[in-house]
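Worksheet: the structure to be examined is printed underneath.
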Number of protein chains: 2
Amino acid sequence: MASVTGNGREGSETGGRGGRPRSAGADAAILAAARALLAERGWDGMTLGDVAARAGVAKTTLYRRWPGKAELVVDAMAQLFDTLEPADAGSVRADATIAIRDLIALLGRPETQTAFLALAAHAARDPGLRAAVREKIVDRQRRLVHAGARRADARGEGGRITDPDLLFDVIAGTMVHRLLIAGEPVDDGYVERFLDLVLPAATR
Amino acid sequence: MASVTGNGREGSETGGRGGRPRSAGADAAILAAARALLAERGWDGMTLGDVAARAGVAKTTLYRRWPGKAELVVDAMAQLFDTLEPADAGSVRADATIAIRDLIALLGRPETQTAFLALAAHAARDPGLRAAVREKIVDRQRRLVHAGARRADARGEGGRITDPDLLFDVIAGTMVHRLLIAGEPVDDGYVERFLDLVLPAATR
DNA sequence: TCCGCTACGCTACGACTCGTATCGGAAATC
DNA sequence: GATTTCCGATACGAGTCGTAGCGTAGCGGA
């Protein structure tokens with residue numbers, strides 16, 4: 001999977017019937033450069049000219065593959081969020097604890113801090129970007145909760161998750177609000193108290 | 001209260017001992033113009049030159065009162081968030097329902113959608129801005145939950161809120177995530193399900 | 001082998017924004 | 001009236017954006 005999702009030439013393997021194919025490694029280099037520059041200089045400080053230079057690519061190549069900064073960063077961040085994976089630790093609470101700790105670590109990264117909310121802010125005025133954020137980032141995270149719900153069902157008795165979609169909003173929202181909006185840390189005790197608050201009513 | 005918080009000349013009533021005082025209405029006009037332009041053109045589309053022109057003020061006047069766009073928008077948004085007030089509807093659940101509906105309406109405004117997350121994103125790389133966002137927006141919202149907790153205590157028996165700070169993160173986070181990040185609507189049924197999930201364990 | 005097609009690197013460009021500097025004049029206090 | 005501070009207007013250098021034009025590189029088909 002060279003790119004998280006197509007950024008222009010998706011679908012066809014060889015490209016548009018003849019002609020020089022797109023450089024294979026360019027996407028990966030560009031997205032990595034974008035993440036690095038986001039971490040170093042933040043959303044505003046990162047220019048597409050800088051990204052191109054660091055990736056060893058012409059600026060025009062970026063514009064050939066992505067419409068603009070926001071769409072490029074969506075793909076760059078999606079790659080990062082895709083590193084999260086569901087864990088099977090034997091119980092809903094154990095699974096949730098692991099997932100939340102992973103999420104906290106991800107939200108603590110500098111590139112996430114500057115890019116994630118900036119993307120959401122831009123998405124408010126750009127339906128296409130809104131759809132991309134939802135599809136490439138939000139929905140994939142949501143699936144982790146659904147996977148946990150299915151495991152809970154399989155285990156049976158007393159651990160079933162009644163409303164995974166709502167539970168996902170609560171988990172992700174609480175952590176994002178605490179870490180990225182309020183800007184306050186989350187320690188293990190906070191996670192414990194959070195799970196004490198939410199899990200009893202979320203499972204049945 | 002001309003400005004939500006000082007933006008330069010705070011404290012002294014008359015200004016710096018003699019000389020022409022700052023135009024009283026200018027702050028209000030500037031903040032209103034900023035909100036209007038945020039709603040119309042979004043964070044990126046709003047320039048300080050435009051704000052000055054619409055407020056009927058020179059651009060330099062803006063820079064005399066605020067260090068930059070982010071700080072100005074913090075004050076503009078703080079005025080908006082300050083319109084939220086605690087309600088006393090007789091029970092924790094009734095109070096929470098009203099507060100959440102007010103919050104939803106506020107988060108649905110176009111200026112909030114584009115500005116709130118943009119501010120938080122910038123705050124990630126600017127400690128001063130982070131402090132301003134927390135002090136002028138987040139902490140004031142948090143107080144609404146604390147006020148509700150005190151009312152619950154006064155009512156006694158069975159309605160006490162055990163951890164208001166955590167509850168605030170959960171409420172605000174869930175709504176922000178649902179509305180601004182996932183970009184999906186919140187109807188009354190969602191609020192009901194949310195309160196069913198959270199309130200039982202949050203009160204004692 | 002030659003040709004058509006597409007992507008590439010490079011350079012240059014106009015339009016725009018930013019934040020600052022500078023100025024004479026206006027509006028208060030002393 | 002003198003002083004002090006704020007105000008509006010204008011100009012400016014620096015930097016970014018997204019696009020266009022150029023010649024070249026790499027691939028498949030005739």
Side-chain angles (χ1 to χ4, degrees), chain A residues 2-3 6-30 33-34 37-38 40-73 118 122 126 128-129, chain B residues 2-3 6-30 33-34 37-38 40-73 118 122 126 128-129:
Chain A
S3 70
N7 46 33
R9 266 219 183 173
E10 48 189 325
S12 59
E13 280 290 314
T14 58
R17 183 180 288 100
R20 175 177 176 174
R22 283 194 169 163
S23 165
D27 270 30
I30 291 168
L37 285 167
L38 281 171
E40 291 175 19
R41 305 182 200 173
W43 173 279
D44 285 334
M46 182 198 83
T47 75
L48 293 194
D50 294 336
V51 173
R54 177 162 311 199
V57 154
K59 186 174 60 156
T60 44
T61 294
L62 269 64
Y63 284 100
R64 291 186 185 108
R65 302 185 181 210
W66 289 276
K69 182 195 271 197
E71 291 80 3
L72 192 160
V73 175
H122 282 88
D126 181 339
L129 184 61
Chain B
S3 69
N7 46 32
R9 263 220 184 172
E10 50 189 324
S12 59
E13 281 290 312
T14 58
R17 185 180 283 99
R20 175 176 177 176
R22 282 195 169 161
S23 166
D27 271 29
I30 291 167
L37 285 167
L38 281 171
E40 290 174 20
R41 307 183 197 170
W43 174 278
D44 285 336
M46 181 197 82
T47 75
L48 293 194
D50 295 336
V51 173
R54 177 162 309 201
V57 153
K59 187 174 61 158
T60 43
T61 294
L62 269 64
Y63 284 100
R64 290 185 187 111
R65 301 185 183 208
W66 289 276
K69 181 195 270 197
E71 291 80 4
L72 192 160
V73 174
H122 281 88
D126 181 339
L129 185 60

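Numbers restart at 1 for each chain; the letters A, B, ... are given by sequence-line order, proteins then strands. Hydrogens, waters and symmetry mates are skipped; everything else that's a heavy atom, side chains included, is used.
- When the P atom of D:dC6 is taken as reference, atom CG of B:L62 falls 15 Å away, rounded to whole Å.
- You'll find that the side chain of B:K69 is closest to C:dC18, out of C:dC8, C:dC18, D:dC27.
- Atom CG in A:L72 sits roughly 14 Å away from atom C1' in D:dG18 (whole-Å rounding).
- If you measure from atom CZ of A:R22 to atom P of C:dC5, you get 18 Å, rounded to the nearest angstrom.
- Relative to the side chain of B:T60, the nucleotides D:dA20, D:dC7, C:dT20 differ in distance, and C:dT20 lies closest.
- In this entry the distance linking CZ of A:R41 with C1' of D:dG15 reads 13 Å, nearest Å.
- Relative to the side chain of B:T47, the nucleotides C:dG9, C:dC18, D:dA9 differ in distance, and C:dC18 lies closest.
- Taking each heavy atom of B:L72 and B:I30 in turn, the nearest pair found is CD1-CG2, 3.9 Å.
- A:G56 comes within 4.0 angstrom of sugar-phosphate atoms only, judged by non-hydrogen atoms across all strands, and of no base.
- Judged by distance alone, with hydrogens and angles left aside, A:R20 brings no side-chain donor or acceptor close enough to the base of C:dG4 to form a pair under 3.5 Å.
- Salt-bridge formation is not detected for the pair A:R22/A:D27: no Lys NZ or Arg NE/NH1/NH2 atom is positioned less than 4.0 Å from an Asp or Glu carboxylate oxygen.
- Between B:L48 and B:W66 there is no side-chain heavy-atom pair separated by less than 4.5 Å.
- By the 4.0 Å N-to-carboxylate-O rule, B:R65 lies too far from B:E71 to be salt-bridged with it.
- For A:D27 and C:dC8, the CG to P distance is 9 Å, given to the nearest whole Å.
- Between the P atom of D:dA20 and the CZ atom of A:R64 lies a distance of 12 Å, rounded to the nearest Å.
- Rounded to a whole Å, the CG atom of B:D50 is 13 Å from the P atom of C:dG19.
- Rounded to whole angstrom, the span from the CG atom of A:D44 across to the P atom of D:dA14 amounts to 22 Å.
- The side chain of B:K59 lies closest to D:dA11 when the candidates are D:dC17, C:dT17, D:dA11.
- Nearest nucleotide to the side chain of B:S23, out of D:dG26, C:dG9, D:dC7: D:dC7.
- Residues B:V73 and B:K69 are in side-chain contact: their nearest non-hydrogen atoms beyond the backbone lie under 4.5 Å apart.
- In this structure, A:T61 reaches the C:dG9 phosphate: one of its side-chain N or O atoms is under 4.0 Å from OP1 or OP2.
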